There are 2 protein chains.
Amino acid sequence: MDKRTHIILTALSLFYQKGIHSVGINEIISVAGVAKKTMYHHFVSKDELLLACLSERHNRFLNWLTQATSKQTTIEEFKVALISCHEAWFNSKVTELGDFNGCLFINTAAEFADPANPINQACKEHKMAVQQLIKQRLSACNNMESSQLGSYSHYLMTLVEGMICQAKLVGIKQFPHLKQ
Amino acid sequence: MDKRTHIILTALSLFYQKGIHSVGINEIISVAGVAKKTMYHHFVSKDELLLACLSERHNRFLNWLTQATSKQTTIEEFKVALISCHEAWFNSKVTELGDFNGCLFINTAAEFADPANPINQACKEHKMAVQQLIKQRLSACNNMESSQLGSYSHYLMTLVEGMICQAKLVGIKQFPHLKQ
DNA sequence: TGCCGAGTAGACAAATCGGTCTACTTTTAG
DNA sequence: CTAAAAGTAGACCGATTTGTCTACTCGGCA
């Protein structure tokens, strides 16, 4: 495998499981099995590596969510599919997302609170992309009234974010009552 | 003011605005204007200080939420009050909660992911206490059916958690559509 | 053949981290 | 009044941080 990709995947796993500031460069290169110079040859700084990790996770997550919500034709079906696929994630049944430890972007934004920081901005952009995907999926449902598209997509986004937080903090992994 | 309390309030503000690992002991004592020995006289370690901050924030938050949701008699009124008081928080209109920067407990749990860590446990206990308060408030509504008390209180908790995340990450501060 | 980019191992630098300690001053309670 | 408790300033410690640098190896390509 490409060294650069290998470093990104190793760092992503460590960052996601332990938090950004809890993982040092030395640990990343040690686990990845590469020299420090190799890492700094591909990434000018830890922040740049983190940005690459966020980008990788963003692509992975959106691809998964896009595929997991591709077969529904009504609002109700979509809502159930959206909740169900997240439950699968919470239970670490989605191999490409790894062992569940909350949302990497929520976690990262907690450590980089400054809105002017590109890292914080990347987290925000990810959430807006997810919101956009939900809206697009909803608009394709044959019983969706366009006048309520905005508010209902926001509502579903709020639900999903809340589910993620509860799954991480208090360990709730299933939300049957949300499916009505 | 009591030195110990002063240190806690200073550290709490810094931790909340910048994140735990981004704030060092030297910065805390510098801003608080106390000697390092004074801090280590009251707290054996940074972790102990953090636990005291979490406890302070927990009390402050629960007192505020308890008061902000004390006058409702129906489910619908309670739901609106719950959402409205959070909107006020998001817009930093609640002086005792300070400038809004998301939920301290969600943010802290992101940096201390190990469930065996007392810091992580304190975060979890806070969320369970909030959930309990919502349930208790709901049970006092005169149109609440006890058979749905559990699922509806969980639903409201999910909504609130989602609102907090969206307010922090993408800057949404108002949720009129959730009030129906 | 010779060269160059990518790789390795690891020493090193400068800064910062949490935490300890000394020496001294101020406050407070009996 | 006195003595203990609580406070101050800041030097210091060992560990760790991100990042740089040297010296060297290896493989592919013109």
Side-chain angles (χ1 to χ4, degrees), chain A residues 1-56 107-108 110-114 116-120 122, chain B residues 1-56 104 107-114 116-120 122:
Chain A
M1 186 196 303
D2 183 49
K3 289 279 177 187
R4 181 188 154 91
T5 306
H6 178 62
I7 294 171
I8 290 178
L9 295 183
T10 303
L12 175 53
S13 173
L14 290 170
F15 285 151
Y16 181 49
Q17 296 301 327
K18 299 187 173 189
I20 315 300
H21 290 311
S22 299
V23 177
I25 294 293
N26 290 324
E27 183 178 359
I28 293 171
I29 64 171
S30 168
V31 173
V34 301
K36 189 175 279 194
K37 187 129 197 178
T38 304
M39 197 236 108
Y40 278 102
H41 172 72
H42 290 291
F43 309 97
V44 302
S45 66
K46 187 187 182 183
D47 279 10
E48 287 287 331
L49 171 60
L50 173 55
L51 283 172
C53 290
L54 293 176
S55 175
E56 167 70 20
N107 297 349
T108 300
E111 298 196 52
F112 297 84
D114 182 4
N117 191 317
I119 293 167
N120 185 285
Chain B
M1 184 196 304
D2 185 47
K3 288 280 176 187
R4 181 188 152 91
T5 306
H6 177 63
I7 294 171
I8 289 177
L9 294 184
T10 303
L12 175 54
S13 173
L14 290 171
F15 284 152
Y16 181 50
Q17 294 302 326
K18 299 186 174 190
I20 315 300
H21 290 312
S22 299
V23 177
I25 293 294
N26 291 323
E27 184 178 358
I28 293 172
I29 62 171
S30 169
V31 173
V34 300
K36 190 176 277 195
K37 189 129 196 179
T38 304
M39 197 236 106
Y40 278 103
H41 172 71
H42 290 290
F43 309 96
V44 303
S45 66
K46 187 187 182 184
D47 279 10
E48 288 286 333
L49 171 60
L50 173 56
L51 283 173
C53 291
L54 293 176
S55 176
E56 167 72 20
L104 175 66
N107 296 350
T108 301
E111 298 197 53
F112 296 84
D114 182 5
N117 190 318
I119 293 168
N120 185 286

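Because the structure is predicted, anything quoted here is derived from the model rather than measured. Below, chains carry the letters A, B, ... as their sequence lines are ordered, and counting in each starts from 1.
One finds the CD1 atom of Ile25(B) at 6.0 Å from the CG atom of Leu49(B) (value rounded to the nearest 0.5 Å). Between Leu54(B) atom CG and Thr108(B) atom OG1 the span is 5.0 Å, to the nearest 0.5 Å.
Atom-to-atom, CD1 of Ile29(B) to P of dG18(C) comes out at 10 Å; the value is rounded to the nearest Å. When rounded to the nearest whole Å, the span between CE of Met39(A) and C1' of dC21(D) equals 16 Å.
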Could you pull out every donor-acceptor pair under 3.5 Å between side chains of residues 6-20 of chain A and any protein atom, sequence neighbours left out?
unit_1	atom_1	unit_2	atom_2	d
His6(A)	NE2	Ala32(A)	O	2.9
Thr10(A)	OG1	His6(A)	O	2.9
Tyr16(A)	OH	Asn101(A)	N	2.7
Tyr16(A)	OH	Gly102(A)	O	2.7
Gln17(A)	NE2	Asp99(A)	O	2.9
Lys18(A)	NZ	Glu27(A)	OE2	2.5

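Within the structure, side-chain hydrogen bond (donor to acceptor under 3.5 Å, both in side chains) contacts touching residues 28-50 of chain B (residues at least two apart or in different chains) are Asn26(B)-Lys36(B).
At least one side-chain heavy atom of Ile29(A) sits less than 4.5 Å from a side-chain heavy atom of Val34(A).
With sequence neighbours excluded, the residues forming a ring pair (Phe, Tyr, Trp, His ring centres under 6.0 Å) with Phe112(A) are His21(A), listed by chain and number.
No donor-acceptor pair closer than 3.5 Å links the side chain of Ser55(A) to the backbone N or O of Leu51(A).
When all heavy atoms are compared, the tightest approach of Glu111(A) to Ser22(B) is O-OG, 3.8 Å.
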Return the polar atom pairs (N/O with N/O) between nucleotides 14-20 of chain D and the protein under 3.5 Å, or none.
unit_1	atom_1	unit_2	atom_2	d
dT18(D)	OP1	Lys46(A)	NZ	2.9
dT18(D)	OP2	Ile25(A)	N	2.8
dG19(D)	OP2	Tyr40(A)	OH	3.1
dG19(D)	OP2	Lys46(A)	N	2.8
dG19(D)	N7	Lys36(A)	NZ	3.2
dG19(D)	O6	Lys36(A)	NZ	2.6

Within the sub-3.5 Å range, which N or O atoms of nucleotides 4-6 of chain C have a protein N or O partner, and how far apart are they?
unit_1	atom_1	unit_2	atom_2	d
dA6(C)	OP2	His41(A)	NE2	3.4

